[in-house]
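Just below is one structure, and these are the notes that go with it.
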Protein chains: 2
Amino acid sequence: MPRLAAGDRREALVEAALRVMGRDGLAAGTTRAVVAEAGMSLASFHYVFASRDELLAELVRRVVGRELATATAALDAAAIDPAAGPADCLRAAARGYLGHLEADPGAEQLMLELTLHAVREPDLRPVAREQYRAYAAAAAALLERAAARTGARWRGPLAEPARVLVTLVDGATTTWLVDRDTAATRATLDAAVDLLVARYAVVPA
Amino acid sequence: MPRLAAGDRREALVEAALRVMGRDGLAAGTTRAVVAEAGMSLASFHYVFASRDELLAELVRRVVGRELATATAALDAAAIDPAAGPADCLRAAARGYLGHLEADPGAEQLMLELTLHAVREPDLRPVAREQYRAYAAAAAALLERAAARTGARWRGPLAEPARVLVTLVDGATTTWLVDRDTAATRATLDAAVDLLVARYAVVPA
DNA sequence: AGCGTACTGGGACGCTTGACCCACTTCGCC
DNA sequence: GGCGAAGTGGGTCAAGCGTCCCAGTACGCT
């Protein structure tokens, strides 16, 4: 059987954990369940990770990176129309995220579960903070890019609307996970985007 | 030692569970931890509750009721000033909630944890749905009351702004739990309230 | 060919979990 | 005074947990 390099096995375990926990929840992602999903033995797990917490921390970093990439891609794909305003761009990005959420609800739910877990565990708390700092930065970058592509600009510091955006996406995710009402969530996000642009953007005539 | 009626012991166990889980998280609320907090034996637990899940379901209902009462009280207390507009009312309600969140973060975090858990468990899923239906209804009532007290009225059906409100509060809670930045969260909520009123309210001159 | 490092299989350890059970006590009521 | 229902103490059960360990295997390098 072919040997895997240590880094690859780390990767494989993270991927396996993502599948198991996305499917059945954070609590279901025991070390045993994870290694079973990855087709490895327990020893391999503790050879690569010092502890389950280390896996969890890596998990957060990995998925955050993936989310950010998704959002950016959605925005880029949206800004093709030269007549589009910043609201159109952001709406498209929001829809992109919603599609991502619908396609794999477990992954997003897992992120929420991980965040809540990380806030409780002193060792993991910094990870959660970093996660939300990354979200805020990504939101700011998103706003900036949307403005740049449409010739608009933002009033005042970006931090405030960026935080509103993060709050919105977070809340929309939770709400959608409960009632799975995509139409209502889309309407909420659309309205919120309009509101955001109306307040913070300066759109050239 | 004085006997407690069955209903009282149910109540006492719920209260104990709330303390334990609010302090250390949903996962820490094992049956043993709960009965220890309540000063009872395991047998008493299973005499009153058929299972841990039954406790969890009751927990959600209990706390939801409490939250709604808090929000309504905050709104009522806020609408004293006759010159206040709907935005002032809602801002006050938001601040009331934020104060409540600061005073007992564990309780709100627990609600989030419970919701996420309920969404995963088929048996508990209806409870989560009902919970968010209650939130939406409460948000609608809040909007209605804010309008009534200030002589304003809302454009279109209340469901849409109500959903935005729920989304907002949910997201703000999560974000605050991570970074504990009260000022930023307050700013976010204030801005969001302004946005909401600007879009959905008809304020008389 | 042989050595040392990298890796793995499988079992074990000590502990906690939700659930259950049964002998026992307490109490209102006849 | 005694009976039956209500409630409890404490132990038990099987299952599952994270972690650890060690004997063994496979491979790259000299």
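Order of the sequence lines sets the chain letters (A, B, ...), proteins ahead of strands, with each chain counted from 1.
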Check the phosphate of [N] against [X], side-chain N and O only, distance under 4.0 Å to OP1 or OP2. Yes or no?
X       : N      : result
B:Ser41 : D:dT8  : no
A:Thr30 : D:dC17 : yes
A:Ser44 : C:dC7  : no

- Message: Assuming nearest nucleotide by heavy-atom distance, tell me which of A:Ala43 and A:Ala33 is located more 5' along DNA chain D.
- Response: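 In this pair, the answer is A:Ala33.
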Nearest-neighbour nucleotide for the A:Tyr47 side chain, C:dG18, C:dA6, D:dT19 considered
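Of the candidates, C:dA6 comes closest.
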Could you tell me the separation between the [atom1] atom of [X] and the [atom2] atom of [N], rounded to a whole number of Å?
X       : N      : atom1 : atom2 : value
A:Phe49 : C:dT8  : CZ    : P     : 13 Å
B:Arg52 : C:dA19 : CZ    : P     : 8 Å
A:Leu56 : D:dC17 : CG    : P     : 15 Å
A:Leu42 : C:dC7  : CG    : C1'   : 15 Å
A:Arg10 : C:dT8  : CZ    : P     : 14 Å
B:Arg32 : D:dT12 : CZ    : P     : 13 Å
B:His46 : D:dG10 : NE2   : C1'   : 14 Å
B:Asp53 : C:dA19 : CG    : C1'   : 13 Å

Next on the checklist: Does B:Arg9 contact D:dG7 through a side-chain donor or acceptor facing the base, at a distance under 3.5 Å?
Outcome noted: no
Correct closest heavy-atom pair for A:Leu110 and A:Gly22 would be CD2-N, 3.9 Å
Looking only at heavy atoms, the pair that brings A:Met111 and A:Val64 closest together is CE-CG2, 3.9 Å
Does the distance from a Lys or Arg side-chain N to an Asp or Glu carboxylate O, for [X] and [Y], drop under 4.0 Å?
X        : Y        : answer
B:Glu108 : B:Arg66  : no
A:Arg10  : A:Glu54  : yes
A:Arg180 : A:Glu102 : no

